[in-house]
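Single-structure report; data block below.
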Amino acid sequence: MFDGIGFMELLLIGVLGLVVLGPERLPVAVRSISGWIRAMKKMANSVKDELEQELKIEQLHTDLKKAENQGLKNLAPELQDSIDQLKQAAESVNRPYQVEDAPSAKETPAKETTTPEATSTENAKSDKPNG
């Protein structure tokens, strides 16, 4: 962060800050300045991440166009990787909807199916006295 500033420069800034602001206001000023620096770094990292994501999307788009022009046959390994990434992304987008459409076994109780043999066996058991 302080690549161009050496120890002596930092010491001079600290002494000047102490003289100008005084010992009561200097810690508050240092905290607020460090908060601003943290916020700027966070914003810069956010912008950098968004740009990297956009570049990756653009690269996938161009790879998809190249693969489409080649008819999705005999693709270069990097193009095949891009196609695989796009397929995985499409599956992950569709997966939540597939889960909601088909009820799971936990949500719906299993219905007991009764066959004629099972009902006759149950009836025969209920006819016998307990004893």
Side-chain angles (χ1 to χ4, degrees):
M1 183 174 144
F2 298 110
D3 293 337
I5 300 176
F7 178 73
M8 292 305 290
E9 288 87 1
L10 285 175
L11 186 64
L12 180 65
I13 291 171
V15 169
L16 283 175
L18 185 62
V19 169
V20 172
L21 296 175
E24 295 91 20
R25 293 187 293 184
L26 183 63
V28 175
V30 169
R31 275 190 225 112
S32 64
I33 289 173
S34 65
W36 291 342
I37 291 172
R38 224 178 287 122
M40 287 189 290
K41 280 185 177 182
K42 193 176 198 180
M43 187 173 39
N45 285 336
S46 172
V47 169
K48 185 181 87 168
D49 291 342
E50 285 182 27
L51 286 175
E52 287 176 356
Q53 186 70 21
E54 288 295 323
L55 289 173
K56 184 177 179 184
I57 289 171
E58 184 65 30
Q59 180 65 34
L60 286 173
H61 183 69
T62 57
D63 288 348
L64 183 61
K65 285 290 186 185
K66 287 179 187 176
E68 185 180 338
N69 289 338
Q70 292 180 2
L72 297 175
K73 295 176 183 161
N74 299 328
L75 298 176
E78 63 271 359
L79 291 177
Q80 188 62 42
D81 289 341
S82 295
I83 297 296
D84 293 340
Q85 286 178 358
L86 288 171
K87 285 180 182 177
Q88 289 174 353
E91 289 173 5
S92 69
V93 167
N94 289 333
R95 220 174 277 135
Y97 300 112
Q98 292 172 352
V99 172
E100 289 178 8
D101 291 342
S104 66
K106 291 180 182 176
E107 292 176 6
T108 58
K111 294 182 180 178
E112 293 183 16
T113 57
T114 57
T115 59
E117 296 99 22
T119 53
S120 64
T121 307
E122 290 175 9
N123 291 337
K125 288 180 184 177
S126 64
D127 292 340
K128 293 181 183 178
N130 289 339

How long is the gap from [atom1] on [X] to [atom2] on [Y], to the nearest 0.5 Å?
X	Y	atom1	atom2	answer
L16	L21	CG	CG	10.0 Å
R38	M43	CZ	CE	14.5 Å
M8	L10	CE	CG	10.5 Å
L55	L60	CG	CG	11.0 Å

Legend entry - Qualifying side-chain hydrogen bond (donor to acceptor under 3.5 Å, both in side chains) pairs with a residue from residues 42-51, counting only residues at least two apart or across chains: none
Inset, instruction - Please lay out, stage by stage, how H61 and K65 fare under the test side-chain contact (heavy atoms from CB on, under 4.5 Å). - result: CA-CA 6 Å; H61 183 69; K65 285 290 186 185; 3.9 Å; yes
Inset, instruction - Answer whether the closest heavy-atom distance between the side chains of Q85 and K56 falls below 4.5 Å. - result: yes
Inset, instruction - State, to 0.1 Å, how close P27 and P23 come at their nearest heavy-atom pair, and which atoms those are. - result: CD-O, 3.3 Å
Inset, instruction - From the options L18, V20, V19, select the one residue that forms a side-chain contact (heavy atoms from CB on, under 4.5 Å) with L26. - result: L18
